[in-house]
Amino acid sequence: MDMAGPTPSPPQTQIICKSVQELVISSAGDDNLPQSYVYRDGDSGGVIGSFDLPAMEIPVIDISLLKSSSSPTGETELDKLKSALSSWGCFQAINHGMETEFLEKLRALGKEFFALPMEEKHKYSRAVDDMEGYGNDMVLSDQQILDWTDRLYLSLTPEDERKLNYWPENPKCFREILNEYTNKLREIVELLLKAMARSLKLKEDSFLDQYGERAIMTGRFNFYPPCPRPDLVLGLKPHSDGSAVTILLQDREVEGLQFMKDDQWVRAPINIPHALLVNVGDQVEIMSNGIFKSPVHRAVTNSEKERTTLAVFCSPQAEMEIGPVEELVDEKRPRLYKKVKNYTSSYFQYYQQWKRPIDAVKI
Ligand SMILES: O=C(O)CCC(=O)C(=O)O
Ligand SMILES: [Fe+2]
């Protein structure tokens, strides 16, 4: 199955709308809240829900211990990884080899970019038909409920496919730091994919074999301005990621991410500022034949504080055919997913229609 093929319905006229930040500047309070952002009863289970949700007990994994399973600590950490990914589908990664100061520089890149004057940011605005660049939701239908977020979306690898015209020249160190982060994450993702395979008693290249030499990494700085009605507006609608693995650098001070577990929303904590939040995307769920879970998550808004995060989506090369690793298919666990190529290409059309693209490849 090629995901570049049939999709729910073709994109309709697209309208580029004002950035959320501009809306906040131009409207003085909730009387002016545009209806296109508002959830009404009946949309996705109705209201956004309670604000005192439980915090999740998210597993913390020392990824420096995942390099070898020959020591007892390595073995324990691999077991923790397996259990984290098959129950939650996510964990906080510590000892990833990046200094706290470096992560702070990265956080500052996003904050400083979104704090630039509008005219300056508009130099990097995405084109109507392009995902990349500065902007907000692609509007594909009148019914679409918009996300209360502005983004800067950049392709990071393959390096020769970077569109540098979208990479801000201000802050000055933007390109250098983001490039360094990309290189670090590339190593981390390789390490994780090997460890995931070993945790399932597979050969360590079992997932990497489906990954290709020109793997795709895209970075998205998400900026959530304060919102007058967090009870009616979401920062990001419920979704699971179309990636193989996503690495999220959360805001240091402001929470907002929530995961769905046993039909309940739970808050992702920000208690470890130097941790990276790693979550499985649909493509690892497919490759692991459903053993590892691609969790549904969303971002809520905050009436007082703005929030900035950086998500990096890591996926196999588009031409690679991915599917459940053969050793994970047997009578007890029949094949759950078809083989698929180019999984992320139609992701957003499903996303905007509240559909999970992974349902389209289930057997
Ligand atoms: O900003 C967040 O906390 C979540 C970001 C996210 O889920 C995404 O960009 O896919
Ligand atoms: Fe996500």
Side-chain angles (χ1 to χ4, degrees), residues 20-21 44 48 53 55-56 58 88-93 103 106-107 109-111 113-114 126 131-138 146-156 181 185 216-227 230 233-261 265-273 275-285 292-302 305-315 343-344 347-348 350-352 354-358:
V20 177
Q21 208 174 7
S44 166
I48 306 242
L53 294 171
M56 61 195 281
I58 186 169
W88 287 101
C90 63
F91 64 91
Q92 300 204 76
L103 298 184
L106 265 163
R107 288 188 169 107
L109 290 187
K111 289 194 191 297
F113 173 76
F114 289 108
R126 67 174 180 82
M131 292 282 302
E132 269 188 70
Y134 168 64
N136 51 1
D137 272 348
M138 261 193 190
L146 302 180
D147 292 335
W148 192 264
T149 181
D150 294 332
R151 315 181 169 112
L152 177 65
Y153 199 67
L154 301 170
S155 122
L156 306 174
Y181 189 51
L185 290 191
I216 300 171
M217 291 168 78
T218 33
R220 186 159 84 191
F221 289 90
N222 299 299
F223 176 67
Y224 306 92
C227 175
V233 175
L234 277 176
L236 208 54
K237 57 176 81 51
H239 66 283
S240 61
D241 293 341
S243 58
V245 172
T246 302
I247 311 228
L248 182 72
L249 180 66
Q250 295 211 76
D251 193 290
R252 197 189 164 94
E253 274 112 31
V254 186
E255 269 187 21
L257 176 63
Q258 300 182 344
F259 283 88
M260 174 69 94
K261 179 87 158 80
W265 289 109
V266 284
R267 290 164 24 231
I270 49 170
N271 57 336
I272 314 179
L276 297 169
L277 196 142
V278 177
N279 71 266
V280 162
D282 292 351
Q283 299 194 67
V284 158
E285 178 168 323
F292 294 150
K293 302 289 183 305
S294 170
V296 172
H297 53 285
R298 68 179 188 179
V300 295
T301 57
N302 185 301
K305 296 175 190 150
E306 60 186 45
R307 174 168 181 266
T308 315
T309 63
L310 169 58
V312 176
F313 305 98
C314 310
S315 300
Y343 185 79
T344 46
Y347 179 81
F348 282 92
Y350 287 94
Y351 171 73
Q352 299 299 8
W354 291 92
K355 293 186 179 138
R356 287 194 69 188
I358 199 164

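Read the numbers this way: they start at 1 and go in the same order the structure lists the ligands and their atoms.
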> Between atom CD1 of Ile247 and atom SG of Cys314, what is the distance when rounded to the nearest 0.5 Å?
Replying inline: 5.0 Å

> Can you name the N, O or S atom of Asp241 that is closest to the Fe ion (ligand 2)?
Replying inline: OD1

> For the ring-ring contact (aromatic ring centres under 6.0 Å, His included) test, which of Phe223, Phe221, Tyr134 pairs with Phe113?
Replying inline: Tyr134

> So what does the His297 NE2 - the Fe ion (ligand 2) - His239 NE2 angle come to, to 10°?
Replying inline: 90°

> Any idea which heavy atoms bring Ser315 and Gly242 closest together, and the distance?
Replying inline: OG-O, 4.4 Å

> Is there a side chain to side chain donor-acceptor pair (under 3.5 Å) between Thr149 and Asn222 once you walk through the steps?
Replying inline: CA-CA 6 Å; Thr149 181; Asn222 299 299; 4.5 Å; no

> Which value, rounded to the nearest 0.5 Å, describes the distance between Leu248 atom CG and Arg220 atom CZ?
Replying inline: 10.0 Å

> So which heavy atom on Trp88 is nearest to which on Pro295, and how close?
Replying inline: O-CB, 3.4 Å

List below, pair by pair, the N or O atoms of ligand 1 and of the protein that are less than 3.5 Å apart, including the distance to 0.1 Å; reply 'none' if no pair qualifies.
residue	atom	partner	partner atom	Å
ligand 1	1 (O)	Tyr224	OH	2.6
ligand 1	1 (O)	Thr309	OG1	2.8
ligand 1	3 (O)	Arg307	NH1	3.3
ligand 1	3 (O)	Arg307	NH2	2.8
ligand 1	7 (O)	His239	NE2	3.3
ligand 1	7 (O)	His297	NE2	3.1
ligand 1	9 (O)	Arg220	NH2	2.8
ligand 1	9 (O)	Asn222	ND2	3.3
ligand 1	10 (O)	Arg220	NH2	3.3
ligand 1	10 (O)	His239	NE2	3.1
ligand 1	10 (O)	Asp241	OD1	3.3

>> For the backbone of Ser294 and the side chain of Asp282, can you confirm whether one donor and one acceptor N or O come within less than 3.5 Å of each other?
In response: no

